[in-house]
J.: 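This is the structure, below, for whatever I ask next.
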Amino acid sequence: MPAPLRRLLVAPTLCCVLLAGATACGGDDDSGAATTPTASVTSSATASAERQKFAKTRFVANAGLAAGATYQWIVKPWRAGKFKSGADGRRVALVKAGLAGTFAYNRLKAASRNAEGDPTLAKAVAPLTAGIDALKDLPSKLRKGDTSVAGTFDDVINQVKDAGRSAGAEVTEKVPSAAQLTSG
């Protein structure tokens with residue numbers, strides 16, 4: 001009789017522990033976590049302050065990755081003439097440039113969202129959002145062989161770097177790994 005009783009107690013206990021662990025490790029859903037309005041306000045204020053505290057750092061990291069990818073796989077091959085018809089390695093260079101363009105657009109959008117957390121940076125980057133949004137279709141144009149867009153990428157990256165510098169967030173190019181390029 002003791003073994004079945006143990007099994008009856010172990011199963012519900014294990015279920016409760018798993019349920020408690022799953023709710024404790026849940027996402028950002030505050031619907032069941034905060035029972036009082038004060039707790040909800042406190043967690044929101046903490047998250048807002050944390051975003052403000054790391055806004056420049058995140059901006060610099062994302063903009064640096066975008067700048068590195070753009071320079072390494074778009075601007076450098078463009079200047080070397082790799083995108084011209086008949087050039088050696090043209091197809092590979094265009095595929096890499098298309099991937100880099102998509103990655104750079106993604107990181108620039110993230111950088112502009114990060115800039116919203118810092119008032120000075122937000123003012124400096126706000127005029128550039130239209131230019132960043134205009135980059136959305138350029139990776140597909142690169143893949144199709146329109147090489148004139150390489151200069152557009154370079155111009156937008158330089159404008160973002162200048163805006164960061166004016167707001168006290170110096171952006172340095174950081175070339176992403178191939179894994180980052182293909183996953184992002």
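For this chain, numbers begin at 1 and follow the sequence in order. Any value given below was found using the heavy atoms of this structure, including those in side chains, with hydrogens, waters and symmetry copies removed.
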J.: Tell me whether Val171 is reachable from Val156 by hopping between hydrophobic residues (I, L, V, M, F, W, Y) whose side-chain heavy atoms are closer than 4.5 Å.
T.: yes
J.: Please name the pair of heavy atoms, one in Ser166 and one in Ala163, separated by the smallest distance, quoted to 0.1 Å.
T.: OG-O, 2.8 Å
J.: Are Phe153 and Leu135 close enough that some pair of their side-chain heavy atoms sits under 4.5 Å apart?
T.: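 Sidechains of Leu135 and Phe153: in contact.
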J.: Which pair of heavy atoms, one from Ala122 and one from Glu116, lies closest together, and at what distance?
T.: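 Nearest heavy atoms, Ala122 then Glu116: CB-CA, 4.1 Å.
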J.: Measuring from atom CD1 of Ile157 to atom OG1 of Thr152, what distance do you get when rounded to the nearest 0.5 angstrom?
T.: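 Answer rounded to 0.5 Å: 11.5 Å.
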J.: Over all heavy atoms of both residues, which pair between Gly81 and Ala87 is shortest? Give the atoms and the distance, please.
T.: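 Closest heavy-atom pair between Gly81 and Ala87: O-CB, 3.5 Å.
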J.: Can you find a heavy atom in the side chain of Lys161 that is under 4.5 Å from one in the side chain of Thr172?
T.: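 Not touching, per the 4.5 Å side-chain cut-off.
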J.: Test: side-chain hydrogen bond (donor to acceptor under 3.5 Å, both in side chains). Region: residues 62-76. Which pairs qualify, not counting sequence neighbours?
T.: Asn62-Arg107, Asn62-Asn114
J.: Tell me whether Thr129 contacts the main-chain N or O of Val125 through its side chain, where contact means a donor paired with an acceptor under 3.5 Å.
T.: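 Between the backbone of Val125 and the side chain of Thr129 there is no qualifying donor-acceptor contact (under 3.5 Å).
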J.: Are Phe103 and Val175 connected in a single hydrophobic cluster, I mean Ile/Leu/Val/Met/Phe/Trp/Tyr linked by side-chain heavy atoms less than 4.5 Å apart?
T.: yes
J.: Looking only at heavy atoms, which two atoms of Ile74 and Phe83 are closest? And how far apart?
T.: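 Taking every non-hydrogen atom into account, O-CE1, 3.5 Å.
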J.: What heavy-atom pair brings Ala115 and Phe59 nearest, and what distance separates the two atoms?
T.: CB-CD1, 4.2 Å
J.: Under a 3.5 Å distance rule, please check whether Asn158 uses its side chain to pair with a backbone N or O of Asp154 as donor and acceptor.
T.: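 Yes.
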J.: Contact between Val149 and Trp78 at the side-chain level, heavy atoms closer than 4.5 Å - yes or no?
T.: no
J.: If every non-hydrogen atom of Ala55 is compared with every non-hydrogen atom of Gly117, which pair is closest and at what distance?
T.: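 Heavy atoms only, the tightest pair is CB-C, 3.7 Å.
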J.: What distance do Gln159 atom CD and Ile132 atom CD1 have between them, rounded to the nearest 0.5 Å?
T.: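 Going from CD on Gln159 over to CD1 on Ile132, the span is 9.0 Å.
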